[in-house]
Amino acid sequence: RRRHTRYPLVTGVQTCALPIYKRWLTDDLANYHLGLKEIDYNEAYRLRSSGGTGVGEFGVRTNNMLLGCVAGMELWRPLSQRLVMGAGLEVGVYGNKARVGMDVQDGLGGSASGSGKEVSLAGSVTANLRAKYYLRERWALVGGYRWWTLTGLATVGDQPIPADRKSTRL
């Protein structure tokens with residue numbers, strides 16, 4: 001009798017705006033920016049299967065290091081003396097240095113592993129909606145929502161399962 005344990009897909013994202021980032025304040029209601037952004041996106045997945053012959057494992061991990069140029073704008077609209085609403089849009093084009101690794105253990109002492117690297121183009125679109133409530137002249141509460149999407153990433157679901165069935169038998 002076989003038992004399978006699926007571990008959840010683990011995703012990690014870190015984004016960092018580099019110091020090379022220029023913001024133009026045209027007036028109180030609109031501003032524009034252009035600069036460089038770095039995004040580190042990775043995923044990991046593991047499956048463990050146990051049966052009469054032992055415990056087998058299958059694991060896949062991906063890492064995407066993106067570096068590219070972003071441009072965006074924000075528009076602000078005062079609703080009262082203390083409350084301001086804003087919306088923004090940002091687009092980016094990145095070079096993606098992707099790495100993929102795969103490990104398989106069959107529970108009988110056999111194992112296989114593989115890895116690969118690729119450089120490709122990726123893109124992003126970010127939209128946000130924000131509100132500022134000024135408590136005093138220099139103190140404000142800020143809240144909002146940000147939606148963003150990335151394309152051109154290496155993800156766990158895109159990786160092919162190895163063709164050698166002997167070494168991947170769980």
Side-chain angles (χ1 to χ4, degrees), residues 1-21 23 33-74 86-131 141-170:
R1 177 169 182 220
R2 288 198 176 271
R3 282 190 6 200
H4 300 289
T5 304
R6 288 191 178 115
Y7 295 96
L9 178 67
V10 178
T11 303
V13 179
Q14 286 185 329
T15 167
C16 172
L18 297 175
I20 306 168
Y21 210 72
R23 184 174 294 272
H33 64 271
L34 177 67
L36 294 178
K37 188 182 266 189
E38 173 190 281
I39 299 174
D40 182 8
Y41 180 89
N42 54 64
E43 292 182 347
Y45 176 76
R46 292 202 84 66
L47 170 70
R48 176 178 283 176
S49 177
S50 60
T53 58
V55 176
E57 285 194 13
F58 172 74
V60 180
R61 64 194 176 285
T62 62
N63 180 274
N64 298 272
M65 182 59 70
L66 295 92
L67 180 64
C69 182
V70 294
M73 68 177 294
E74 289 181 322
L89 182 67
E90 180 182 88
V91 295
V93 177
Y94 306 89
N96 181 14
K97 182 179 177 183
R99 290 179 295 178
V100 176
M102 191 175 301
D103 303 311
V104 179
Q105 297 174 355
D106 66 3
L108 301 172
S111 65
S113 64
S115 63
K117 295 179 184 178
E118 182 178 285
V119 175
S120 62
L121 283 177
S124 72
V125 176
T126 305
N128 63 57
L129 183 62
R130 290 191 256 190
L141 294 175
V142 180
Y145 180 77
R146 175 173 286 181
W147 173 86
W148 62 286
T149 183
L150 287 169
T151 62
L153 296 175
T155 61
V156 166
D158 295 338
Q159 306 313 311
I161 295 189
D164 182 6
R165 294 289 180 203
K166 288 184 184 177
S167 64
T168 59
R169 185 174 51 112
L170 297 176

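Please read all numbers here as calculations on a predicted model, not as lab measurements. Along the sequence shown, residues carry numbers from 1.
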Testing the basics here: between [X] and [Y], what is the closest heavy-atom pair and its distance to 0.1 Å?
X	Y	result
Glu38	Met65	CG-SD, 4.0 Å
Arg46	Gly59	NH1-CA, 3.5 Å
Ala154	Thr62	O-OG1, 3.3 Å
Tyr94	Ser124	OH-OG, 3.0 Å

### Query
Would you call Arg146 and Thr126 a side-chain contact if the rule is heavy atoms closer than 4.5 Å?
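A side-chain contact exists here, since the closest heavy-atom pair is under 4.5 Å.
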
### Non-hydrogen side-chain atoms of Ser113 and Asp103 separated by less than 4.5 Å
yes

### Query
Residues two or more places apart in sequence or in another chain: which of them pass side chain to side chain contact (heavy atoms under 4.5 Å, CB included) with Val91?
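Partners of Val91 under the side chain to side chain contact (heavy atoms under 4.5 Å, CB included) test: Val125.
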
#### Entry: Non-neighbouring partners of Ala71 that pass side chain to side chain contact (heavy atoms under 4.5 Å, CB included), sequence neighbours left out
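Only Leu34 meet the side chain to side chain contact (heavy atoms under 4.5 Å, CB included) criterion with Ala71.
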
Compile the donor-acceptor pairs under 3.5 Å between side chains in residues 114-123 and protein atoms, sequence neighbours left out, one pair per line.
none

### Message
Here's a test for you: under side chain to side chain donor-acceptor pair (under 3.5 Å), which of Asn42, Asp40, Asn96 qualifies with Asn64?
### Response
Asn96

When rounded to the nearest 0.5 angstrom, what is the spacing between [atom1] in [X] and [atom2] in [Y]?
X	Y	atom1	atom2	result
Arg99	Arg61	CZ	CZ	9.5 Å
Phe58	Leu47	CZ	CG	8.0 Å
Leu153	Asn63	CG	CG	10.5 Å

